[in-house]
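As structure tokens, the structure follows; a few thoughts come after it.
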Amino acid sequence: AGSGHMDPDFLYRWALIGLAAFGAFSFATLFFVPAPYGRHQRGGWGPTVPTRLAWIAQELPAPLVFALVFARGEHADRLVPLLLLGLWQLHYLQRTFVFPLLMRVGAKRTPLVTALLAFVFNCVNGAANAYAITHGALRHTEAWLADPRFAIGALLFLGGWALNLHSDAILRRLRAPGETRYEIPRGGAYRLVSCPNYLGEIVEWCGWALATWTYAGAVFAFFTFANLFPRALAHHRWYRERFPDYPRERKAVIPFVV
């Protein structure tokens, strides 16, 4: 106790409590105040930065901090943690470097405060999830590969990732280079919901929670749903208000439900 070092388990527990509380606050707030970027961009949120730059900067801690904490873990050389590292980086290397370069955002800008909040979240969330699979008691032995939670979770993760990428590609094709107008997306899972890209991400991180079977994974899945579900409802309302011919049978984010 007198060493002056914080107990990593203590930090881990409080990181999860903080993330869960932030997720609950976001869930409640976003029903009334849409996040101020993209189609919901508006003034009054302080200084802004170019959207592409903001995206890369805010996402960078997710692959970087995760890798740094992972590398310091006592189980970092074990097969299952390495496979989980691969899944995490599959998502975040694409999300940090490929996605923003493909964005058709023109000269759009993002409030600095939203980029800073995302930056802090990705630092804490990346560290917590890496710590959960490489430090402490080893849950993820080679036997975990035969556990249905790992197999089903990994398949959900990859399916959600593919849905997210395919849906983003459909959105991009709606615009020619330099255009920033909005149109009704069609095809793929857009036949069923307004925000299949959000559905894909929710499925992805629910899969991660199942495959890792950690508190950190569960909190991240909750946080993802808490942020993206109300945003999807806001997008769905926006489409319906803007386009009189918007498909009436299309739901917001969960096919046939809501």
Side-chain angles (χ1 to χ4, degrees), residues 8 11-12 15-16 19 52-103 115 117-136 138-142 144-145 147 149-169 172 197-225 227-228:
L11 291 175
Y12 172 68
L16 296 188
L19 290 172
R52 202 184 313 275
L53 176 64
W55 189 273
I56 294 171
Q58 75 187 31
E59 296 295 311
L60 189 57
L64 194 59
V65 172
F66 188 97
L68 291 172
V69 174
F70 185 98
R72 292 176 61 86
E74 59 206 273
H75 308 306
D77 59 344
R78 301 295 292 259
L79 175 60
V80 177
L82 285 168
L83 290 173
L84 293 170
L85 168 70
L87 289 179
W88 182 277
Q89 300 293 17
L90 177 71
H91 173 92
Y92 273 113
L93 291 176
Q94 194 278 337
R95 208 73 184 146
T96 306
F97 299 109
V98 180
F99 176 76
L101 296 178
L102 294 174
M103 276 178 171
L117 284 172
F119 180 89
V120 172
F121 169 80
N122 281 319
C123 286
V124 177
N125 188 57
N129 274 278
Y131 184 83
I133 60 176
T134 58
H135 295 69
L138 178 60
R139 171 193 301 281
H140 304 108
T141 62
E142 280 66 22
W144 187 247
L145 291 172
D147 192 294
R149 287 168 291 185
F150 178 79
I152 296 168
L155 286 173
L156 283 174
F157 184 97
L158 293 170
W161 181 76
L163 175 59
N164 183 268
L165 261 62
H166 183 250
S167 303
D168 280 343
R172 277 196 304 274
N197 48 342
Y198 288 176
L199 174 62
E201 221 170 319
I202 291 168
V203 169
E204 210 176 331
W205 296 115
C206 286
W208 172 264
L210 194 58
T212 61
W213 206 251
T214 60
Y215 287 120
V219 167
F220 188 18
F222 164 72
F223 188 95
T224 302
F225 178 83
N227 267 268
L228 298 186

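Here, residue 1 is the first one in the sequence, and each next residue gets the next number.
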- Message: Do His135 and Val69 have side chains that approach each other closer than 4.5 Å (heavy atoms only, starting at C-beta)?
- Response: yes

- Message: Take a 6.0 Å sphere around CZ of Arg72 and say whether it holds more than 12 heavy atoms from other residues, nucleotides or ligands.
- Response: no

- side chain to side chain contact (heavy atoms under 4.5 Å, CB included) involving Leu165 - partner list, sequence neighbours excluded: Gln94, Trp161

- Does a side-chain heavy-atom distance below 4.5 Å link Leu163 with Val203? no

- Task: Taking the side chain as every heavy atom from C-beta outward, state whether Thr214 and Ile133 have any atom pair closer than 4.5 Å.
- Result: yes

- Task: Might you point out which heavy atoms bring Leu16 and Ala128 nearest each other, and give the distance in Å?
- Result: CD2-CB, 4.0 Å

- Spell out, as yes or no, whether a donor-acceptor pair under 3.5 Å connects the side chain of Glu201 to the backbone of Asn164. no

- Message: Using the side chain to side chain contact (heavy atoms under 4.5 Å, CB included) criterion, which residues pair with Ala221? Sequence neighbours excluded.
- Response: Cys206, Ala209

- For the student: nearest non-hydrogen atoms of Ile56 and Thr96, plus distance: CG1-O, 3.5 Å

- Task: Could you check if a side-chain atom of Leu87 sits within less than 4.5 angstrom of a side-chain atom of Leu158, using non-hydrogen atoms only?
- Result: yes

- Task: Could I get the full list of side chain to side chain contact (heavy atoms under 4.5 Å, CB included) partners for Asp147, not counting sequence neighbours?
- Result: Trp144, Arg149

- Message: The criterion is side chain to side chain donor-acceptor pair (under 3.5 Å); which residues satisfy it with His91, sequence neighbours excluded?
- Response: Glu204

- Closest heavy-atom pair, Ala130 versus Thr134, reported as atoms and distance to 0.1 Å, is O-OG1, 2.8 Å

- Task: Please list, chain by chain and in numerical order, all residues satisfying side chain to side chain contact (heavy atoms under 4.5 Å, CB included) with Leu145, sequence neighbours excluded.
- Result: Leu79, Val80, Leu83, Phe150

- Task: Output, in order, the C-alpha distance, side-chain angles, deciding distance and verdict of side chain to side chain contact (heavy atoms under 4.5 Å, CB included) for Asn122 and Val65.
- Result: CA-CA 8 Å; Asn122 281 319; Val65 172; over 6 Å; no

- Pair listing, ring-ring contact (aromatic ring centres under 6.0 Å, His included) test, anchored in residues 63-88, at least two apart: Phe66-Trp88, Trp88-Tyr92, Trp88-Trp205, Trp88-Trp208, Trp88-Phe220

- Message: Under the criterion side chain to side chain contact (heavy atoms under 4.5 Å, CB included), I'd like the reasoning laid out for Phe222 against Leu19: C-alpha separation, chi angles, the key distance, then a yes or no.
- Response: CA-CA 9 Å; Phe222 164 72; Leu19 290 172; over 6 Å; no

- Is the shortest heavy-atom distance from the side chain of Arg95 to the side chain of Trp55 under 4.5 Å? yes

- Task: Count the heavy atoms belonging to other residues, nucleotides or ligands that lie under 6.0 Å from OH of Tyr215, then report whether that count exceeds 12.
- Result: no

- When every non-hydrogen atom of Leu93 is compared with those of Pro63, the smallest separation belongs to CD2-CB, 4.1 Å

- Query: Would the Phe121 and Phe223 ring centres measure less than 6.0 Å apart?
  - Reply: yes

